[in-house]
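This report concerns only the one structure given below.
Reckoned from all heavy atoms, side chains included, excluding hydrogens, waters and symmetry mates. For the single chain, residues carry numbers from 1 onward in sequence order.
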Amino acid sequence: ASSVEEVLAGAPVPAAWPKDVRKGTDTLDVWIDSGSSHLAVCAKHKDLHWPADLYLEGSDQHRGWFQSSLWTAIAVKGSAPYRAVLTHGFVVNEKRQKISKSDGKPQTADDYVKKYGADIVRLWVASENYQSDIPLSDAIFETISNQYRSMRNSLRYQLGNLYDFDAAQHAVPVEKMTAIDRWVLVETAKLVREVTDACERNEFHRAASALAGFTTGTLSATYHNVVKDRLYTTAPDDPMRRSTQTAIDIVLRSYLKLIAPFVPFTADEAWSHLNAKSEYTDASSVHLQDWPAIDARWEDAVGLAAHAAVARIQALAAQVNVPMERLRQDKKIGQSLEASVVVTGDAADADFADALADGSEHDIHDADAPDDEADEGDSAQREDVAALRGFKALEQIFPGLETDVLNAAMGVGEHVVNLVEHERDIRDVGDFDVQHVDVFIDAEQCLQGGERNEDRGILGAITAAGAE
């Protein structure tokens with residue numbers, strides 16, 4: 001062991017120190033160095049401040065770093081060295097057992113990044129409740145990967161349907177939006193509040209759960225499904241279509257800012273496509289944007305009333321699903337679009353009157369309406385259903401189609417609809433290409449005097465996209 005002289009050699013020993021200095025052998029605390037770091041770091045650097053905003057470490061540091069830091073701060077400054085303390089559990093296997101080197105070399109974070117991608121690893125971290133131990137397995141990562149794919153599919157849907165939208169020219173005022181668009185704005189406001197509150201409380205698993213629920217429930221299963229008709233089958237400048245595009249633009253901008261801390265690369269990529277129509281531009285990054293703010297107009301009296309009305313329709317839809325499922329089991333229908341739901345009611349009822357006025361997307365009739373009017377409505381509904389069935393068939397045949405290609409296909413109109421009515425025949429063709437499209441067009445005379453080259457060009461694009 002070193003002597004006192006050897007320990008103090010070269011040190012500027014103050015003259016006032018006693019001459020009988022001796023080396024102590026007692027251990028004050030194994031954490032004394034890190035426990036005084038707040039004085040050496042936070043209190044000494046001008047770009048930092050004392051006390052620290054947050055101390056973050058594992059649960060074993062309650063008797064370690066957290067405690068030694070508290071002791072030294074109380075002794076020197078009379079108060080705690082931190083404003084808040086956050087502790088987390090430890091990564092364990094799927095059986096919630098400690099991951100030990102004796103069980104084999106554990107995979108590193110780099111291994112998972114190479115296999116799943118950095119955004120999925122980050123989303124996994126955010127999705128777990130770190131206040132307890134955190135299970136890790138490939139099965140868990142597969143679940144997170146599915147959540148991520150849902151998120152990315154929703155982004156592709158929204159970006160694809162904004163391909164011809166310029167907010168400066170086409171945006172519809174909030175007060176003139178349709179009920180379903182007002183509904184999704186209220187839902188977005190709820191999401192912003194929930195994610196903000198969760199992040200401020202460092203409960204990131206709550207934020208990730210809210211975003212996952214919004215993605216699969218609010219967007220994919222409900223909103224995107226409902227507005228598909230107007231986006232794909234109405235005229236480009238149809239007021240309902242522009243209303244929905246306006247809502248999608250608003251929702252997408254808020255959504256991207258909310259997911260940015262969780263999937264930063266994906267959010268940055270989508271934000272760049274939204275604003276610059278290309279990948280990762282230096283001029284615009286979602287990470288340089290402010291946190292989303294809620295526009296008071298989203299939840300004004302009209303917006304809340306629309307939200308309540310849509311909720312009532314959702315409750316009605318849930319009742320309709322019961323007999324619809326029976327029809328499927330009885331093999332009377334395959335998909336829901338093969339059925340026509342007729343809702344009757346009293347036009348004197350305010351909610352029903354509003355639905356009746358907006359009946360362009362629904363088969364809704366006044367119970368007292370003459371039969372011929374109902375027949376006309378049935379005919380129009382059948383035409384709408386036929387067109388949408390054609391589009392659905394196109395989606396099923398070519399699940400990899402980009403939205404803009406699908407929109408172009410719908411621009412061909414009834415030619416494509418007529419063509420895809422023969423989806424069974426098309427499915428039976430092994431190598432489907434433009435020549436086969438020509439055969440079907442000639443055989444069924446789908447062109448009906450249309451421009452052949454234009455149709456074949458679009459169908460060629462469909463074929464190419466489907467092959468990918």
Side-chain angles (χ1 to χ4, degrees), residues 149-165 170 172 177-185 187-188 214-252 255 306 310 313-314 316-318 320-321 324 333-341 355 358-364 380-414 416-417 420-421 423 462 465-466:
R149 277 191 287 271
S150 295
M151 187 178 290
R152 193 170 183 89
N153 287 339
S154 290
L155 293 175
R156 291 181 62 186
Y157 177 100
Q158 295 187 330
L159 288 169
N161 280 294
L162 292 176
Y163 77 99
D164 65 341
F165 178 79
H170 306 127
V172 174
M177 286 184 179
T178 61
I180 189 65
D181 298 323
R182 297 301 304 266
W183 175 84
V184 80
L185 292 184
E187 290 293 311
T188 302
F214 184 83
T215 302
T216 57
T218 303
L219 292 182
S220 181
T222 305
Y223 184 66
H224 290 171
N225 192 40
V226 170
V227 300
K228 208 183 260 189
D229 300 20
R230 64 175 66 173
L231 289 172
Y232 295 154
T233 63
T234 59
D237 287 321
D238 185 283
M240 290 195 306
R241 183 172 183 270
R242 292 303 189 196
S243 170
T244 293
Q245 285 183 309
T246 304
I248 287 177
D249 185 70
I250 293 172
V251 171
L252 180 56
Y255 182 71
V310 171
I313 293 174
Q314 287 176 312
L316 177 62
V320 171
N321 286 336
M324 196 89 76
I333 63 171
Q335 299 181 353
S336 299
L337 289 171
E338 295 177 13
S340 178
V341 178
D358 191 29
S360 55
E361 292 185 289
H362 313 283
D363 196 356
I364 302 174
Q381 175 70 7
R382 282 193 295 271
E383 291 178 5
D384 290 343
V385 170
L388 198 56
R389 281 182 62 197
F391 182 82
K392 285 284 192 181
L394 197 63
E395 276 192 314
Q396 291 175 0
I397 297 170
F398 306 114
L401 287 179
E402 297 288 347
T403 304
D404 54 352
V405 177
L406 289 173
N407 284 331
M410 291 310 294
V412 181
E414 59 191 41
V416 172
V417 174
V420 297
E421 283 294 321
E423 58 174 300
I462 295 170

* Asked: Which atom names give the shortest non-hydrogen contact between Thr215 and Ser150, and what distance separates them?
  ->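 It is CG2-O, 3.5 Å.
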
* Structure fact -> Shortest non-hydrogen pair, Val184 vs Ala247, comes out as CG1-CB, 4.1 Å

* Thr222: what forms a side-chain hydrogen bond (donor to acceptor under 3.5 Å, both in side chains) with it, not counting sequence neighbours? ->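 Partners of Thr222 by the side-chain hydrogen bond (donor to acceptor under 3.5 Å, both in side chains) criterion come out as none, since no residue qualifies.
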
* Structure fact -> Sorted by chain and number, sequence neighbours left out, side-chain hydrogen bond (donor to acceptor under 3.5 Å, both in side chains) with Thr244 holds for Asp181, Arg230

* Asked: Taking only residues two or more places apart in sequence, or in another chain, which ones meet Arg149 in a salt bridge (Lys or Arg N to Asp or Glu O under 4.0 Å)?
  -> none

* **Residue pair Val341, Met324: steps toward the side-chain contact (heavy atoms from CB on, under 4.5 Å) verdict** => CA-CA 9 Å; Val341 178; Met324 196 89 76; 3.9 Å; yes

* Passes side chain to side chain donor-acceptor pair (under 3.5 Å), Tyr157 versus Ser220? Steps please. -> CA-CA 9 Å; Tyr157 177 100; Ser220 181; over 6 Å; no

[atom2] on [Y] to [atom1] on [X], rounded to 0.5 Å:
X: Leu155; Y: Leu252; atom1: CG; atom2: CG; answer: 6.5 Å
X: Glu187; Y: Leu219; atom1: CD; atom2: CG; answer: 9.5 Å
X: Leu231; Y: Gln158; atom1: CG; atom2: CD; answer: 10.5 Å

* **Those residues that, when tested against Asp164, pass side chain to side chain contact (heavy atoms under 4.5 Å, CB included) (two or more places apart)** => Pro236, Arg241, Arg242, Gln245

* Pick from Tyr255, Phe214, Tyr223: which one makes a side-chain contact (heavy atoms from CB on, under 4.5 Å) with Thr188? -> Phe214

* Do you know which of Thr246, Thr218, Leu185 makes side-chain contact (heavy atoms from CB on, under 4.5 Å) with Val251? ->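 Testing each of Thr246, Thr218, Leu185 against Val251, the sole residue satisfying side-chain contact (heavy atoms from CB on, under 4.5 Å) is Leu185.
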
* Asked: What class does the angle between the rings of His170 and Phe165 fall in, given that below 30° is parallel, 30 to 60° is tilted and above 60° is perpendicular?
  ->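 Answer is tilted, since the angle falls between 30° and 60°.
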
